[in-house]
Amino acid sequence: MTPEWSRPERLDTIGEQDRRIEIAADERERAALARRFGIVAIDKLAAHLIVRREASGILVTGTVTADLVQACSITGDALPVAIDEPVAVRFVEPSVTGEEIELSADALDTIEIEGGAIDLGEAAAETMALSLDPFPRGPNAAAALKDAGVVSEDEVTPFNAFAGLKAKLEGRA
């Protein structure tokens, strides 16, 4: 299946020298990505990338930028979000052995190469999605929670649930 924002880069066009590549999603691609990631709208989505071949694979670094709208997880209010996220991934040949590889702490995210090309659009889309706040809250969220009877962590003590019980027990004694 072809991703919503596919920008394949053939392996035979990638050398050992840095090559700058700029990509941007069109309106149709942005709408499809918004549906996929549960976002109200994506107004702009672009990636400014540097691609080069290394012994361990194809290294892609750069930045993904986006202007989008998420819904507040409490009120549903529209929240404008600006993303300026660094990206650093390594595309690698598929493992033929199927063995797990131990990665060091400074290892980059890796994506397997499929079909003689790397998909820069999908890598950028995934970078954008990972940078999203999974539970965004707008300025009216605290008031909505309070109106619904939800108390904040500061208002909760371990024995609040038993406070009324103690008074009832003392009244019967």
Side-chain angles (χ1 to χ4, degrees), residues 1-9 18 20-52 57-92 100-101 103-114 117-163:
M1 182 175 108
T2 303
E4 298 88 343
W5 185 28
S6 183
R7 294 297 186 276
E9 193 67 31
D18 285 356
R20 295 187 186 283
I21 298 175
E22 310 240 346
I23 58 174
D26 65 28
E27 185 176 350
R28 182 187 55 75
E29 293 165 330
R30 293 191 314 267
L33 286 168
R35 282 190 301 276
R36 174 176 161 195
F37 295 123
I39 302 168
V40 175
I42 302 174
D43 300 319
K44 180 190 91 166
L45 176 57
H48 313 280
L49 306 169
I50 298 172
V51 179
R52 80 167 172 267
I58 307 295
L59 178 65
V60 178
T61 58
T63 306
V64 173
T65 58
D67 291 329
L68 54 91
V69 179
Q70 281 188 279
C72 172
S73 61
I74 305 301
T75 64
D77 294 343
L79 301 174
V81 177
I83 292 175
D84 188 2
E85 188 72 18
V87 59
V89 296
R90 185 178 323 275
F91 287 86
V92 297
E100 290 187 23
I101 300 171
L103 299 175
S104 65
D106 61 343
L108 299 176
D109 288 334
T110 59
I111 301 172
E112 285 190 352
I113 297 170
E114 294 180 14
I118 60 173
D119 195 337
L120 299 176
E122 179 60 13
E126 290 175 6
T127 298
M128 178 206 67
L130 289 170
S131 72
L132 295 172
D133 182 346
F135 302 105
R137 288 193 177 188
N140 300 323
L145 288 170
K146 187 173 184 176
D147 290 347
V150 178
V151 295
S152 72
E153 290 179 12
D154 298 338
E155 298 171 314
V156 175
T157 63
F159 299 105
N160 266 3
F162 300 110

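Residue indices begin at 1 and follow the sequence shown.
For the pair K44/T65, a side-chain contact is recorded, criterion being any heavy-atom separation below 4.5 Å from C-beta on. In this structure the side chain of I39 reaches within 4.5 angstrom of the side chain of M128, judged on heavy atoms.
Scored by the side-chain hydrogen bond (donor to acceptor under 3.5 Å, both in side chains) test, R35 finds no partners at all (sequence neighbours excluded). Legend: residues meeting salt bridge (charged side-chain N to carboxylate O under 4.0 Å, His left out) with D26, ordered by chain and number and at least two apart, are absent. For S6, the side chain to side chain contact (heavy atoms under 4.5 Å, CB included) test picks out T2, P3, P8, D119, with sequence neighbours left out. Here V81 pairs with L68, Q70, I83 under the side chain to side chain contact (heavy atoms under 4.5 Å, CB included) rule; sequence neighbours left out. Partners of N140 under the side-chain hydrogen bond (donor to acceptor under 3.5 Å, both in side chains) rule, at least two apart in sequence or in another chain, are D77. Residues satisfying the side-chain hydrogen bond (donor to acceptor under 3.5 Å, both in side chains) test with E126, not counting sequence neighbours, are none. Judged as a salt bridge (charged side-chain N to carboxylate O under 4.0 Å, His left out), and not counting sequence neighbours, the contacts of R36 are E4, E122. Listed by chain and number, the residues in a side chain to side chain contact (heavy atoms under 4.5 Å, CB included) with A88 are T61, L108 (sequence neighbours excluded). Under the side chain to side chain contact (heavy atoms under 4.5 Å, CB included) criterion, A144 pairs with I74, T75, sequence neighbours left out. Scored by the side-chain hydrogen bond (donor to acceptor under 3.5 Å, both in side chains) test, E29 finds R7 as partners (sequence neighbours excluded).
When every heavy atom of L45 is checked against every heavy atom of A66, the shortest pair comes out as CD1-CB, 3.9 Å. Pairing each heavy atom of S73 with each of R137, the nearest pair is OG-CG, 4.1 Å. Taking all atoms of both residues into account, the shortest heavy-atom contact from G138 to C72 is N-SG, 3.2 Å. What you find for T63 and V87 is that their closest heavy atoms are N-CG1, 3.9 Å. Here the shortest heavy-atom pairing between L79 and P136 reads CD1-CB, 3.8 Å. Listed here is the closest heavy atom pair of A71 and V40: N-CG2, 3.7 Å.
Atom CG of L132 sits about 8.0 Å away from atom CZ of F37, to the nearest 0.5 Å. Between R20 atom CZ and E22 atom CD the span is 8.5 Å, to the nearest 0.5 Å.
Screening V51, I58, T110 for a side-chain contact (heavy atoms from CB on, under 4.5 Å) involving F91 leaves a single residue, I58. Checked options I21, I50, V89, I111; the residue passing with V60 is V89 (criterion: side-chain contact (heavy atoms from CB on, under 4.5 Å)).
More than 12 heavy atoms of other residues, nucleotides or ligands sit less than 6.0 Å from atom CD of E112.
Checking side-chain atoms of R30 against main-chain N and O of D43 turns up a donor-acceptor pair under 3.5 Å.
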